[in-house]
A.B. asks: 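Provided herewith is a single structure, encoded as structure tokens, for subsequent inquiry.
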There are 2 protein chains.
Amino acid sequence: MISRPTITQLASQLGVAPSTVSRAFTRPDLLRPDTVDRVLAAAKAVGYVPNNNARALSTGRAGAIGLIVPDIANPFFPPLIRAAQNHASAAGLSVFLADSDEDAEREERLIIAMAPQVEGLLVVSSRLPSTRLRELAGRYRLALINRDVAGTFRVLLDATSAIRAALNHLKELGHTRIAYVGGPERSWSNRQRRGAVEVTARQLGLHFTSYGVPPGTYEAAKALSRTVVGKGATGVIAFDDVLAHGLMGGFAEERIDVPGDVSIIGCDDALATQTFPALSTISFNVADATSAAIHGLTEHPSDATLPTARITFDGTLVLRGTTGPAREYSAFRK
Amino acid sequence: MISRPTITQLASQLGVAPSTVSRAFTRPDLLRPDTVDRVLAAAKAVGYVPNNNARALSTGRAGAIGLIVPDIANPFFPPLIRAAQNHASAAGLSVFLADSDEDAEREERLIIAMAPQVEGLLVVSSRLPSTRLRELAGRYRLALINRDVAGTFRVLLDATSAIRAALNHLKELGHTRIAYVGGPERSWSNRQRRGAVEVTARQLGLHFTSYGVPPGTYEAAKALSRTVVGKGATGVIAFDDVLAHGLMGGFAEERIDVPGDVSIIGCDDALATQTFPALSTISFNVADATSAAIHGLTEHPSDATLPTARITFDGTLVLRGTTGPAREYSAFRK
DNA sequence: CCTTGTCATGCAAACGTTTGCAGAGAACCA
DNA sequence: TGGTTCTCTGCAAACGTTTGCATGACAAGG
């Protein structure tokens, strides 16, 4: 910014060719070590920084990746964003972040606008229909996270086994009536988790009810809390920690004790211990998953779309303070 | 991506000059309307998207701004980030996001690395020393948010008047012993808020104590909660909602009732009603502040640093459920 | 019919890099 | 000494735009 030195100026100042300066940065192995030192020292002295745009234009590589999330305010995403930043910058890439605001059309516009400007796009928890996504993945370099579309490159956080552990745990505590409180309908994670709860409940002979909170907000979950417990569920699995937290907020207002009256397990481990009692939840290694996705983007030739791949990471059940022995069904019913 | 059409190809296909195609996008007023239509239609048909890098190289304008925040996971920032996205894209700019991780050195490295690649940098809640910041602002186009450094372009969320209102409110409720629980020491907001609480308390004849939770985390605040109330404060102002929430978590564990035993007011209005009882707090118009900062970046000639400016937005006290009449000091002391 | 002016478009240079190719020495070997 | 190989560096073209200037067409005015 503000008319910075160019490679040419630096070169003439040093009495070498521009290409030599360039190579000092990109292929130092081709130069005599002391030449490299000389160039680098001069560069530092005058504050030379390579112009990324010129570089991108010349090499055809953008030096950046895009990251699209449905809702940056959802606490699940910041750690993921941070991981993406770190892995990207380790690979010499910047990241463009965009928020689709849970809106499929906006998401698609973002993909189309960003894709040509970057080396690849990390699309997290896409709200687009699978067919559309497959089409886009055929045109652009997309790596999906938490969306299982056949024929694409995707990395998935799989809650299945952790949910099985969760329901086993609840059953051991004597719970027989289980509820699942779901989030956004377009969310693959939501459908996957609901399915896992349902089939596991059936296998274990537990009564299962499903609720939905499409907006996926704290408030909406809170508003639902009375219903959930009124129908007799004593063990509830929430789509994510935000909903779990919302349910707990509702319970608190209704003087329903957690875990005395009802046990609750969240998902994502995004709220850590910011809940009282501390939330039992399902934890994922988000950093590894993000790393895998970025590797997919960077390790494949940049002139083609990504290969088909399906990489999964299992979640683990972490028990904190919101699960406890079941109470008799009618004992606390208001 | 994946060998997209260039302006030249599109031009020869249409039988016009590349410059005509270029102008159809950038200066359509110079062309005959039907020419513009023809070009735009053809562009859409072949999926032509202007290459931002080439454009940036040619114009010298990067088409992007940078955004640096200390901790993306702090709920204060996502709404700000979102606002930045929206305002930037309205101005035809993308945004590069970076997280300094509360680390001053890392922040400086980020500024130096990003500044040359963007049209300007939004530095939010900087942790750098003022002198350093002033120096950087003299070299790069920086707009600071929530950091008051003379001689720079800065927009500030000013809590002073809201804090005065808060303390008046607490006094009316009968509170005489006020505590401030601060956050990161390098944070200007923290120092400003602490100062405001201190002078207002003095003016109102209230007993004032100050605490600090340098990491600024929920856990740290929670750990401090016993101390705060043990020393007799019945009214506490927290640096931000995260800390307020942490304190409430601690109080809940200690069976200290909010607002029965202690009243608490947060700041930032970032946790909305995600707390039980709903948190009284100080709310800011973050979107407007962000907009002002971005305007600063975009409305000034891009070949110079930003003019000195100091734009402030006042916060407003929003009372929800965490403030109530003071109890006798010893009445609930354990 | 000539001049002047306006409007729409084309030409070509420039933006700051990268990189294939070529050339200059130096070093080695016979 | 002459040839060969190697190492290092320079030259120049290319990447896809934008934009100042030039040009041609056409209309209006005299």
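Numbered from 1 within each chain, the chains take letters A, B, ... in sequence-line order.
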A.B. asks: Could you check how far CZ of B:R55 sits from P of C:dT17, rounded to whole Å?
C.D. replies: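 For the pair B:R55 CZ and C:dT17 P, the rounded distance is 21 Å.
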A.B. asks: Does the ring center of B:F284 lie less than 6.0 Å from the ring center of B:F313?
C.D. replies: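 Ring-ring flag for B:F284/B:F313: false, centres at least 6.0 Å apart.
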A.B. asks: CG of B:L57 versus C1' of D:dT19: gap in Å, rounded?
C.D. replies: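 Interatomic distance, CG of B:L57 to C1' of D:dT19: 14 Å.
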A.B. asks: Taking any heavy-atom pair under 4.0 Å as a contact, classify A:Y48: base, sugar-phosphate, or nothing.
C.D. replies: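 It contacts sugar-phosphate atoms only.
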A.B. asks: Expressed as a whole number of angstroms, how long is the span from B:R27:CZ to C:dG10:P?
C.D. replies: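 So the two atoms are 17 Å apart, to the nearest Å.
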A.B. asks: Return no unless some side-chain N or O of B:T8 is found under 4.0 Å from OP1 or OP2 of D:dG16.
C.D. replies: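 Negative; the distance criterion is not met.
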A.B. asks: May I ask you to check whether A:F25 and A:Y48 place their ring centers less than 6.0 Å from one another?
C.D. replies: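 Here the rings of A:Y48 and A:F25 have centres that are less than 6.0 Å from each other.
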A.B. asks: Could you run down the sub-3.5 Å N/O contacts of the protein with nucleotides 8-11 of chain D?
C.D. replies:
residue	atom	partner	partner atom	Å
D:dT9	OP1	A:T35	OG1	2.6
D:dT9	OP2	A:R32	N	3.0
D:dT9	OP2	A:T35	OG1	3.4
D:dG10	OP2	A:A17	N	2.9
D:dG10	OP2	A:T20	OG1	2.4
D:dG10	N7	A:R23	NH2	2.9
D:dG10	O6	A:R23	NH2	2.8
D:dC11	N4	A:S19	OG	3.2

A.B. asks: Rounded to whole angstrom units, what separation is found between the CG atom of B:L14 and the P atom of C:dT9?
C.D. replies: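 In whole Å, C:dT9 P and B:L14 CG are 12 Å from each other.
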A.B. asks: Regarding A:R141 and A:E119, does a basic nitrogen lie under 4.0 Å from an acidic carboxylate oxygen?
C.D. replies: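 Here A:R141 does not pair with A:E119 in a salt bridge, since their nearest N and O are not under 4.0 Å apart.
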A.B. asks: Please confirm whether the backbone N or O of B:V286 pairs with a side-chain atom of B:T290, one donor and one acceptor, at under 3.5 Å?
C.D. replies: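 Side chain of B:T290 to backbone of B:V286: a pair is present.
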A.B. asks: Rounded to whole angstroms, how far apart are CD on B:Q9 and P on D:dT17?
C.D. replies: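 Rounded to whole Å, this separation is 9 Å.
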A.B. asks: Measure from CZ on A:R61 to C1' on C:dT19 and round the result to the nearest Å.
C.D. replies: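 These atoms are roughly 11 Å apart.
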A.B. asks: Of all residues at least two apart in sequence or in a different chain, which pass the salt bridge (charged side-chain N to carboxylate O under 4.0 Å, His left out) check with B:R132?
C.D. replies: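 Here the qualifying residues are B:E108, B:E135.
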A.B. asks: Rounding to a whole Å, what distance do you find between A:N53:CG and C:dT18:C1'?
C.D. replies: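 My rounded result for the distance is 15 Å.
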A.B. asks: Which one, D:dA14, D:dT18, D:dG16, comes nearest to the side chain of B:N51?
C.D. replies: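 For B:N51, the side-chain atoms sit closest to D:dG16.
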A.B. asks: Could you check whether B:S22 gets within reach of a base, just the sugar-phosphate, or nothing at all, counting any heavy atom under 4.0 Å?
C.D. replies: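 If one applies the 4.0 Å heavy-atom cut-off, B:S22 turns out to touch a base.
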A.B. asks: What is the minimum heavy-atom distance between B:P18 and B:T8, and which atoms define it?
C.D. replies: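 Result for this residue pair: CG-CG2, 4.3 Å.
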A.B. asks: Is B:R106 paired with B:D99 through a side-chain N to carboxylate O contact shorter than 4.0 Å?
C.D. replies: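 Salt bridge between B:D99 and B:R106, a charged N being under 4.0 Å from a carboxylate O: no.
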